[in-house]
Structure formats: structure tokens, C-alpha cells
Amino acid sequence: MQLSELEIVRREKLAQLRAMGINPYPADLFPVNHTSKQIKQDFEEGKKVIIAGRLMSRRIQGKASFAELQDSTGRIQVYFNRDEICDGEDKTLYNEVYKKLLDIGDFIGIEGELFTTQVGEKTVMVKNFKLLSKALKPLPQPRVDADGKVHDAFTDPEQRYRQRYADLVVNPQVKEVFMKRTKLFNAMRTFFNEREYFEVETPILQPIAGGAAARPFITHHNSLDIPLYMRIANELYLKRLIVGGFDGVYEFSKNFRNEGMDRTHNPEFTAMEIYVSYKDYNWMMDFCEQLLEFCAMEVNGTTEATFGEHTINFKAPYARVTMADSIKHFTGFDITGKSEDELRAACIEMGITVDKTMGKGKLIDEIFGEKCEGNYIQPTFITDYPKEMSPLCKEHRDNPELTERFELMVCGKEIANAYSELNDPIDQRERFEAQLKLAEKGDDEATAFIDYDFLRALEYGMPPTSGMGIGMDRLIMYLTNNPSIQEVLFFPQMRPEKKTVAMSEDEKAVVKMLKTSNPMELNALKEASGLSNKKWDKTIKGLTKNKIAKVEKTEEGLFVSVI
RNA sequence: GACCAGUUAGCUCAGUUGGUAGAGCACCUCCCUUUUAAGGAGGUGGUCCUGGGUUCGAGCCCCAGACUGGUCACCA
């Protein structure tokens with residue numbers, strides 16, 4: 001492994017510590033009794049505390065030094081004074097261990113007393129300290145100046161996502177996002193559990209990946225010798241549980257879709273789906289707006305959230321607009337009662353690209369997506385979607401061409417999708433078959449499998465049920481003002497890192513030549529290697545740098561030899 | 001997939017017509033007892049993303065590629 005100078009220095013310090021009889025990775029418990037936050041909240045002059053954390057900054061001034069210790073709750077200033085730490089003649093603990101052998105990033109434990117400095121900073125006077133874990137790799141070190149400006153910020157997204165551990169250590173605002181993420185999950189659980197809905201778990205490996213239109217990941221089970229799919233949605237399993245007699249079930253579901261990756265799509269993402277029996281989509285709209293208002297309050301302490309240039313307000317109630325009214329409003333075109341041909345003509349007139357595989361539903365969806373969707377900044381329910389594109393949703397009670405479906409739009413994007421669930425098993429079978437036909441026609445969004453077990457479940461009878469899915473990643477993006485999904489996932493999927501080769505092929509070849517004739521005249525070796533000027537330069541520099549070969553100038557000329 | 005931008009020290013970034021690779025911070029050495037983005041002095045540190053080309057000479061110019069970010073398209 002190629003080590004930087006900084007890393008070598010730290011390893012040397014590690015060896016010195018061991019030579020002094022200090023274990024840089026002690027096994028025993030450290031009796032922490034305060035956090036930095038508790039110290040600041042319940043500050044009491046002279047109070048004895050035991051704290052632990054990472055050393056994050058140091059200002060050494062001879063026999064005294066101020067440092068900052070960072071724990072899970074924040075940072076606290078600590079004061080090291082040589083004569084406080086070393087009461088006898090031996091000043092090694094301060095002069096050597098603290099000043100020379102500790103580094104930024106090391107974990108230390110501190111016993112000390114609270115005091116306030118002359119400039120008013122709440123500080124721990126160190127009476128004793130112990131190295132708890134030595135850090136061998138230097139952390140990025142952003143610092144904030146007096147004006148609140150950040151210098152040397154660790155901002156490169158790639159580095160931050162690949163090394164999220166380092167990102168979390170040095171960027172407190174990143175940690176804040178993930179704390180809010182967990183608060184959101186907790187808030188939803190609380191909201192559902194208070195209503196006695198039941199949290200469940202359903203299979204992630206499924207013989208048929210149903211419940212949504214998406215390309216699944218496929219894997220293989222060895223004992224059964226069958227393909228298995230990683231779930232793209234959990235809808236069909238949760239509805240089986242409603243058939244089984246639960247009144248309300250919900251699941252936070254990791255879903256997997258083998259599609260493109262960009263700032264709003266990760267191959268795995270989290271959805272929440274909830275199904276409640278004896279309800280319809282009108283009830284679910286009320287439920288949804290109450291839920292989101294509650295969640296926004298729990299996460300941010302306010303129903304308002306800033307997202308880019310927009311301020312959105314999650315306070316219930318939200319506007320409700322049918323898809324037909326929305327299209328009429330933004331395009332002047334009334335889709336009601338129109339044939340497929342009329343819709344296609346309207347699309348062309350609006351400049352929307354269409355093709356033969358598009359059915360009525362798809363055409364309407366295109367118009368909505370192109371002309372309407374982006375306009376809904378404040379939370380808005382769009383209701384009554386075309387039947388063709390909603391194969392799991394109950395036909396509208398007033399219009400057989402529509403379904404009882406809504407999506408909640410925020411900042412022009414969908415964050416929730418809900419139905420009065422289709423529970424007529426015969427209708428459901430026909431819808432699946434229609435999807436199959438669409439898929440055969442070439443619509444790659446249509447579902448090409450029929451889940452017969454799900455149909456069997458419906459045949460036993462499912463009570464009227466309303467269900468809703470919420471994209472958790474997208475919601476937390478809105479609540480934390482992050483335009484990228486990678487910012488709200490601890491470990492977003494990344495391309496594998498390139499492996500660095502220890503010695504290149506050219507270098508190996510040159511070393512091999514040198515071994516047969518050592519030393520060798522430089523120009524002769526260059527000639528023999530057959531490398532271009534640039535490549536030769538690179539190769540010989542690589543070898544000398546890694547101390548594999550050396551170049552010596554003698555009376556007779558330049559010679560290269562293997563070390 | 002298309003277009004735009006980027007890739008130089010551990011971090012953040014400069015880099016002249018193509019002529020010995022730079023700064024600040026970090027790190028190392030020394031001085032400094034209540035400081036605070038970063039006190040003073042001196043030093044170390046480089047695969048200039050990769051490969052090829054042009055050239056006496058390439059971080060810089062040309063070609064090809066990799067990776068990353070952004071915008072759009074696609075996808076829910």
C-alpha cells in the first residue's frame with residue numbers, strides 16, 4: 001500500500017506510543033459520564049466530568065493548549081496544561097504524548113473539571129487523559145472563521161459519498177440530514193402506531209416482482225434452482241395481509257429497480273406503503289395531509305419547508321384537482337370522453353412526441369407530465385387517473401374510464417400515490433391481462449407477469465381498502481432541502497473505485513531486463529525497453545520513486561541498477 | 001444516451017506564449033501558560049486522471065479514453 005507522508009508519520013507515532021507502553025487501541029471500557037451537549041446545557045463551574053471523543057483541533061501555546069473534542073452531540077473545548085496533567089518532574093505525558101504523538105482525529109478520553117476561560121468559552125480543564133484509538137489517516141479539516149465562512153470545506157460529492165464516515169465526522173450539517181431522516185421514520189411510525197396500524201415485513205426476494213412497473217434485479221436461488229427477483233414494490237404482499245384480516249398494515253420497504261442512476265434515482269430506495277381496510281381514497285387524502293403535516297412538524301418543528309427557491313407548506317388541507325381539470329386548466333383541452341385518436345391528435349398539436357404503443361392512459365399521462373405536473377409547487381392532490389395506467393386501482397364510482405387514484409405532487413414531483421384498492425378479483429384478472437397485452441404491444445412500462453397467487457388471495461375476498469405509497473427518500477429531500485437523493489442516503493450506490501496498480505507492466509519489464517544485466521547503461525536500457533520517450537520517463541520515474549531502481553552518474557556515464 | 005464543466009500536495013485551489021510544479025491550511029522542527037478560522041520562525045510533501053501524439057521540451061497544444069458533477073432526455 002502506498003502511504004502518504006502524513007500516514008507514515010502517524011504510523012511512526014503509533015510505534016513510539018507502543019514503545020512507551022501506551023496501548024493505542026485499549027480494550028477496556030472508558031467510563032464516559034457526560035456528553036459535550038450535556039456539559040454546555042448544565043454547565044457548572046468546577047464540576048468533574050468524564051468525556052470521550054475525537055480530537056478535532058488544537059492550539060498549542062507552549063505549556064498550555066486548547067483543543068476541541070468532538071463527540072456524538074457536538075464539540076466542547078478542552079484545556080491541556082502541562083502542570084495540571086503532569087504534577088511531578090516528568091513532563092512526558094504533555095510534552096511527548098499530547099504534543100507530539102496525538103493527532104487530529106484520535107479518540108481520547110478525558111477526566112477534567114469545568115471552567116470558563118477569560119474570553120468566556122465553556123471549557124474542560126484536563127486533569128487526566130487516555131488515548132482510546134489512534135487515527136492513522138488524516139481527516140479533511142474544514143474550519144469556520146469568525147464570519148461563519150467555511151475554509152477548506154470537504155465538499156467533493158464523490159469523495160463525500162465514497163467516504164461517508166469522513167463526511168459525517170467533519171460536516172455536521174450532513175449528520176443533521178440523517179438525524180432528520182430517522183426522525184421522519186420515527187414520526188411516521190408514531191402516527192401509524194397511535195392509530196393501531198401494524199408494522200409488518202414482507203419478502204424482498206420474490207418469485208414475481210409485482211406491484212409496480214419497473215425493471216427488477218434478478219438473482220438465482222441455488223437449492224430451489226429458480227430465478228428470484230428483488231422486490232420493486234410491496235403492494236401485492238401487503239394486500240394479501242389485508243385479505244388475511246389485518247385492519248391496517250404498513251411497511252418501510254427497501255425496493256430495488258434496475259434502472260438508471262441520477263440525482264433522484266438510486267438502485268435501492270425506500271418506500272413506505274400503508275393499507276387500511278374499509279377506507280377509500282378520499283379518506284386517504286385526509287389521512288395523507290394529516291400525516292405529512294405531523295411529519296414536517298416532528299422533523300423541522302414547522303410545517304414550512306424550504307426547497308431551493310420554493311417555500312412549501314405541509315399544513316393540511318391540500319388542494320385537490322382532478323387530472324382532467326388540471327389538463328383543462330393548463331392546456332385548455334378537455335380530455336373527457338375523447339377517443340384514443342383524438343387524444344393522440346391533441347398530443348401532436350401540443351408538441352408532445354407520441355408513438356403507436358401509447359394507449360389512451362399513456363397519452364393522457366404524457367399530457368399531464370408535460371404540461372401540468374411541474375406547476376404544482378405546494379402540496380396538491382391530483383385525482384382520478386385513467387384506468388389504463390392504474391391496473392391495481394378500483395374503477396371510479398362515477399366514471400368507468402377513470403380510477404379512484406390520487407398522487408400528491410410537491411415541487412412538481414410525485415411524493416405519494418394512493419388508490420381505492422381494486423378488490424374485484426375478476427376485474428383484477430382482466431386488468432392484468434390488459435397489461436399483458438400492452439406489454440406485448442411494446443409498452444415497456446406495462447407489467448408482463450400475472451401474479452396468480454395474488455388473484456387467488458383476492459378471490460378469498462379483500463375488504464374495501466385504501467392504500468398509499470410514499471417515497472421516503474424524496475420526502476426527506478424536501479424536508480432537508482437537498483436536491484439530490486445521494487445526499488439523503490448514507491451510502492448511495494457508486495461505481496467501483498479504480499484499483500491502483502502497484503507496478504505497471506512497463507515497470508515490470510524494465511526490472512526484468514535489469515535483473516539479467518545489473519547495472520545497465522541508461523540509454524541502452526531505454527533502447528532495449530522499446531518505450532516511447534514519455535513512457536520511458538514515466539516508467540523510470542516510477543521505479544526510482546518507489547526505490548525499486550536507482551540512477552547513478554559515474555565517470556563512464558549514467559547507469560541504472562536494481563536496489 | 002446527448003451536451004456542458006471539472007480532475008494539480010492530506011484538504012481547498014492557483015498555474016503566464018509551451019521553458020526548473022505553486023499558495024493557504026494540514027504535517028514536521030523550534031519558540032510561546034486562558035486561546036479560538038490561522039500567534040511567530042523555518043522546513044517536508046506531487047502518478048499534474050489514464051494512454052497515445054506533436055515538440056528540443058507538455059500540467060498547458062492535439063487525439064482517444066476513464067471518472068465525477070451539472071443540465072436535458074429516459075425512467076417512477
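A, B, ... follow the sequence lines: proteins, then strands. Residue 1 opens every chain. In this text, all values refer to a predicted model and were calculated from it rather than measured experimentally.
B:C75 sits 37 Å from B:U12 when the P atoms are compared, rounded to a whole Å. Of the P atoms belonging to B:A58 and B:G53, the separation is 12 Å, rounded to the nearest Å. Using atom C1' as the reference point in both B:C28 and B:C4, the two lie 43 Å apart (nearest Å). To the nearest whole angstrom, the two P atoms, one in B:C11 and one in B:A26, are 15 Å apart. Distance noted for atom P between B:U7 and B:C13: 10 Å (whole Å). Between the C1' atoms of B:C3 and B:G18, the separation comes to 30 Å (whole Å). Across the C1' atoms, B:C67 and B:G51 are found 15 Å apart, a figure rounded to whole Å. Nucleotides B:C56 and B:U50 are separated by 25 Å at their C1' atoms, to the nearest Å.
Of all nucleotides present, none satisfies the Watson-Crick or G-U wobble test against B:G57 with each distance under 3.5 Å. Base pairing analysis places B:G1 opposite B:C72; the two distances defining the Watson-Crick or G-U wobble pair are each below 3.5 Å. Taking a pair to require two hydrogen-bonding distances under 3.5 Å in either a Watson-Crick or a G-U wobble arrangement, B:C28 pairs with B:G42. Applying the Watson-Crick and G-U wobble criteria (two distances, each under 3.5 Å), B:U36 pairs with nothing in any strand. Base pairing analysis places B:G22 opposite B:C13; the two distances defining the Watson-Crick or G-U wobble pair are each below 3.5 Å. The nucleotide B:A64 finds its pairing partner in B:U50, both defining distances of the Watson-Crick or G-U wobble pair being shorter than 3.5 Å.
With rounding to whole Å, A:Arg59 atom CZ is found 8 Å from B:A37 atom P. The separation between A:Lys137 atom NZ and B:C11 atom C1' is 12 Å, rounded to whole Å. Between A:Asp262 atom CG and B:C3 atom P there is a gap of 18 Å when expressed in whole angstrom units. To the nearest angstrom, C1' of B:A37 lies 17 Å from CZ of A:Arg58. When rounded to the nearest whole Å, the span between CD of A:Gln77 and P of B:U35 equals 10 Å. For the pair A:Ile485 CD1 and B:C75 C1', the interatomic distance rounds to 13 Å; values are reported in whole Å. Taking atom CE of residue A:Met125 and atom P of nucleotide B:U35, one finds them 13 Å apart after rounding to whole Å. The interatomic distance linking A:Glu96 (CD) with B:U29 (P) rounds to 9 Å, in whole Å.
Residue A:Arg263 places no side-chain N or O under 4.0 Å from the OP1 or OP2 atom of B:G70. OP1 and OP2 of B:C28 both lie 4.0 Å or more from every side-chain N or O belonging to A:Lys100. At least one side-chain nitrogen or oxygen of A:Gln118 sits closer than 4.0 Å to the OP1 or OP2 atom of B:U35. The side chain of A:Arg10 places no N or O atom within less than 4.0 Å of a non-bridging phosphate oxygen (OP1 or OP2) of B:C27.
For A:Asp156, the side-chain atoms get nearest to B:U68 when compared with the rest of B:U34, B:U68, B:G24. Nearest to the side-chain atoms of A:Phe66 among the listed nucleotides B:U34, B:U36, B:G69 stands B:U34. Of the listed nucleotides (B:G69, B:C27, B:U35), B:U35 has the atom at the smallest distance from the side chain of A:Thr117. Distance from the side chain of A:Glu158 is smallest for B:U68 among the nucleotides B:U12, B:U68, B:G10. Closest to the side chain of A:Arg143, out of B:U36, B:C32, B:A38, is B:A38. The side chain of A:Arg162 sits closest to B:C67 out of B:U33, B:C67, B:G45. Checked against B:U33, B:G10, B:C75, the side chain of A:Lys63 finds its nearest nucleotide in B:U33. Nearest to the side chain of A:Asp103, among B:U44, B:C28, B:G69, sits B:C28. Side-chain proximity of A:Asp152 to the nucleotides B:A73, B:U29, B:G24 is greatest for B:G24. Of all nucleotides listed (B:C28, B:C67, B:A26), B:C28 comes nearest to the side chain of A:Val9.
Separation of atoms CG (A:Asn417) and CD (A:Glu407) is listed at 4.5 Å; rounding is to 0.5 Å.
Across all strands, A:Gln141 comes closer than 4.0 Å only to sugar-phosphate atoms, never to a base (heavy-atom distances). A:Glu373 comes within 4.0 angstrom of a base, heavy atoms only. Residue A:Lys13 is in sugar-phosphate contact alone, with no base atom involved, counting any heavy-atom pair closer than 4.0 Å across all strands shown. Residue contacts for A:Leu139: at a heavy-atom cut-off of 4.0 Å it reaches no nucleic acid atom on any strand shown. At a threshold of 4.0 angstrom between heavy atoms, the contacts of A:Glu121 include nucleobase atoms, whether or not backbone atoms are also involved.
Counted by atom type alone, A:Glu251 and A:Asn234 present one or more donor-acceptor pairs between their side chains at under 3.5 Å. Side-chain atoms of A:Arg164 and A:Gln486 form no donor-acceptor pair, as typed in the model, at a separation below 3.5 Å. For the 3.5 Å distance criterion, the side chains of A:Asp384 and A:Tyr281 qualify, holding a donor opposite an acceptor. Residues A:Tyr419 and A:Ser390 have side chains that never bring a donor and an acceptor to within less than 3.5 angstrom of each other. A:Asp167 and A:Tyr165 share no side-chain donor-acceptor pair at under 3.5 Å. A donor-acceptor pair shorter than 3.5 Å cannot be found between the side chains of A:Ser57 and A:Arg75.
For a distance-only test at 3.5 Å, the side chain of A:Gln61 fails to qualify as a donor-acceptor partner of the base of B:U35.
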Side chain to side chain contact (heavy atoms under 4.5 Å, CB included) assessment of A:Glu45 paired with A:Thr116: CA-CA 7 Å; A:Glu45 206 76 27; A:Thr116 307; 3.1 Å; yes

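Closest-nucleotide positions on RNA chain B for A:Pro138 and A:Ser57 were compared, and the one nearer the 5' end corresponds to A:Pro138. Mapping A:Gln159 and A:Thr116 onto RNA chain B by nearest heavy atom places A:Gln159 at the nucleotide closer to the 5' end.
When each of A:Arg160, A:Arg263, A:Arg474 is checked for a salt bridge (charged side-chain N to carboxylate O under 4.0 Å, His left out) with A:Glu487, only A:Arg160 meets the rule.
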